[in-house]
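All values below come from the heavy atoms of this structure, side chains included, with hydrogens, waters and symmetry mates left out.
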Amino acid sequence: MLEKSDTSIAETLAVFTQYDLEVGLLVPTETGMQKSIMDATAGLRDYFRDTGFHDYDTQTQGPDAKVIREAFFVRPDGLKPTRASLYRPMTKSGDPRVWFGRLKGYADPYNLLAVLVRDNKAYVVNCSDAAVLDSIHRPETPLGAIALAAKSVVDPVVAELLEMIRDVSAKGFIRTLRVGDTGVGMTLETLLGIKANSKADPDYKGIELKARRNRGRRRQRAGLFSKSPNWKLSPVGSASNFLKIYGYVESGRLQYYNTISAASINSHGLMLSIDVAKDWLVQNAIDSARKSETHVITWPMPELRKSLSKKHKQTFWVSAKCRGKGVNEEFHYHSVEHTKAPNMRNFDALIESGSITVDYTISDVGGRADDHGYLFKLKSKDMSALFPPPDVHVFT
């Protein structure tokens, strides 16, 4: 239900990430508010489990197994005590539920709620209330005090790689070593003496290297990682079958190059969604006329989270000024934004909100499907929702 939020999820997560804070998210519906029940999202369940607040996986169904925990509603001027009810009803699946007493006096339907756990207590933050969320920037407020206590992580190899890039920057404009979009990254890696690596591993001693042209970040997307679907779990069965069904011919070649999002249906009727029960990311084919959808492709979410976590423990986002075109294009690598480990709890929400999308790059080569990756990308303007504030280094 996060997609029904009346507040930008990406912008809200960016605020918490700024202070290295992880949160669980909830969006109460009108029906949920009336019945005093909310489904515990997958992200919230994981957050509760990892913080030791509650583990739904070990909880049995029924009222006798209900767990009550101490909680507070966060206001700019103080905390209002409440109780968190955590339970699984006597239904077939026993979907995990959560409710906070007197929530109706604190939030409205479709408000975005963030839940912070500290010392086995839950703090509920109404992020749709600007005064509440903005209080995080004032250390004298309850939310500000929590933010002030957050700590960052530092890695010792950063200085070494920074100095290497500084030396490259001092050379000024350098002609590309490869024509095309990947030239900016391949040229930098070659100059640094970094060999092409496997898709799953960071480039330099645990630090991922991402180079990009200066073209106005709000219009760009940052590549996160590439991950092929689990074809055994995908009804379409293979990239070849997908291409046969959904591909199109361009310049005499059967291919499929397009972006898939959970926020909207693309030009070929394809759309992403998260199957919370199975913890899958699925790509569906939407028939708007018939109001139906067909499950086509599957990625298990744990595999995607693992790919993101492994690839981006630390990342250098290197910006380059560019001039010229084609073989004559030149780059001047002039700055680095160094981000620490991504806030994994925000990953699912950013997919649901459409901030993270997937690019398909499939074409027919000699009767077989040749895919150049299923590229998970993040809108550059939403970088701060996934990564803590970067350390910025500008070379002169």
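Partners of Arg253 by side-chain contact (heavy atoms from CB on, under 4.5 Å), not counting sequence neighbours, listed by chain and number: Gln255, Tyr257, Ser363. Not counting sequence neighbours, the partners of Leu233 by the side-chain contact (heavy atoms from CB on, under 4.5 Å) test are Asn230, Trp280, Thr298, Pro300. Listed by chain and residue number, Arg290 satisfy the salt bridge (charged side-chain N to carboxylate O under 4.0 Å, His left out) test with Asp287 (two or more places apart in sequence, or in another chain). Here Glu22 pairs with Arg345 under the salt bridge (charged side-chain N to carboxylate O under 4.0 Å, His left out) rule; sequence neighbours left out. For Lys227, there are no salt bridge (charged side-chain N to carboxylate O under 4.0 Å, His left out) partners, not counting sequence neighbours. Residues meeting the side-chain contact (heavy atoms from CB on, under 4.5 Å) test with Val276, sequence neighbours left out: Ala42, Arg45, Ile274.
Classified by interplanar angle (parallel below 30°, tilted 30° to 60°, perpendicular above 60°), the ring pair His137/Tyr19 is tilted. Between Phe376 and Phe225, the ring planes lie parallel to each other; the angle is under 30°, not in the 30° to 60° tilted range.
Thr187 places a side-chain N or O within 3.5 Å of a backbone atom of Leu177 that can act as its donor or acceptor partner. Of the possible polar contacts, one joining the Ser128 side chain to the Leu112 backbone as a donor-acceptor pair under 3.5 Å is found. Distance alone, capped at 3.5 Å, places no donor-acceptor pair between the Tyr246 side chain and the Tyr256 backbone. Between the side chain of Ser5 and the main chain of Leu2, no donor-acceptor pair closer than 3.5 Å is present. Judged purely by atom type and a 3.5 angstrom limit, Ser309 has no side-chain atom pairing as donor or acceptor with the backbone of Arg305. Distance alone, capped at 3.5 Å, is enough to place a donor-acceptor pair between the Asp371 side chain and the Gly373 backbone. Gln61 contributes a side-chain N or O that, together with a main-chain N or O of Thr91, makes up a donor-acceptor pair within less than 3.5 Å. No donor-acceptor distance shorter than 3.5 angstrom exists from the side chain of Asp275 to the backbone of Val282, with no hydrogens or angles considered.
Checked against a 6.0 Å centroid threshold, the rings of Phe242 and Tyr360 count as neighbours. Between Tyr56 and His54, the gap from one ring centroid to the other is short of 6.0 Å. Between Phe173 and His332, the gap from one ring centroid to the other is short of 6.0 Å.
With Glu330 as the fixed residue, the side-chain hydrogen bond (donor to acceptor under 3.5 Å, both in side chains) test singles out one of Arg175, Lys321, Arg323: Arg323.
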Apply the test side chain to side chain contact (heavy atoms under 4.5 Å, CB included) to residues Leu143 and Leu116: give CA-CA distance (whole Å), side-chain angles for both, the deciding distance (0.1 Å), then the verdict. CA-CA 10 Å; Leu143 187 57; Leu116 279 159; 3.7 Å; yes
Side chain to side chain contact (heavy atoms under 4.5 Å, CB included) for Leu113 and Phe100? Distances and angles first, verdict last. CA-CA 11 Å; Leu113 307 179; Phe100 298 96; 5.6 Å; no
Report the C-alpha distance between Val179 and Glu329 in whole Å, list the side-chain angles of each, state the deciding distance to 0.1 Å, and finish with yes or no for side chain to side chain contact (heavy atoms under 4.5 Å, CB included). CA-CA 8 Å; Val179 177; Glu329 186 174 21; over 6 Å; no
Residue pair Asp167, Met164: steps toward the side chain to side chain contact (heavy atoms under 4.5 Å, CB included) verdict: CA-CA 5 Å; Asp167 290 342; Met164 293 167 63; 5.6 Å; no
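Taking the side chain as every heavy atom from C-beta outward, Val125 and Phe16 approach each other to under 4.5 Å. When side chains are defined from C-beta on, Ile136 does not count as touching Gln18, because their heavy atoms never get closer than 4.5 Å. Side-chain contact between Ser264 and Met271 is absent, with no heavy atoms from C-beta onward closer than 4.5 Å. In this structure, Asp359 and Arg221 have side chains that are in contact, with non-hydrogen atoms separated by less than 4.5 Å. Side-chain contact between Asp39 and Arg97 is present, with at least one heavy-atom pair separated by less than 4.5 Å.
Salt bridge annotation for Asp203-Lys210: absent, with no cationic side-chain nitrogen under 4.0 angstrom from a carboxylate oxygen.
Minimum interatomic distance between His312 and Leu224 (heavy atoms only, all atoms of both residues): NE2-O, 2.6 Å.
Counting non-hydrogen atoms of neighbouring residues, nucleotides and ligands closer than 6.0 angstrom, the CZ atom of Arg83 reaches no more than 12 such neighbours.
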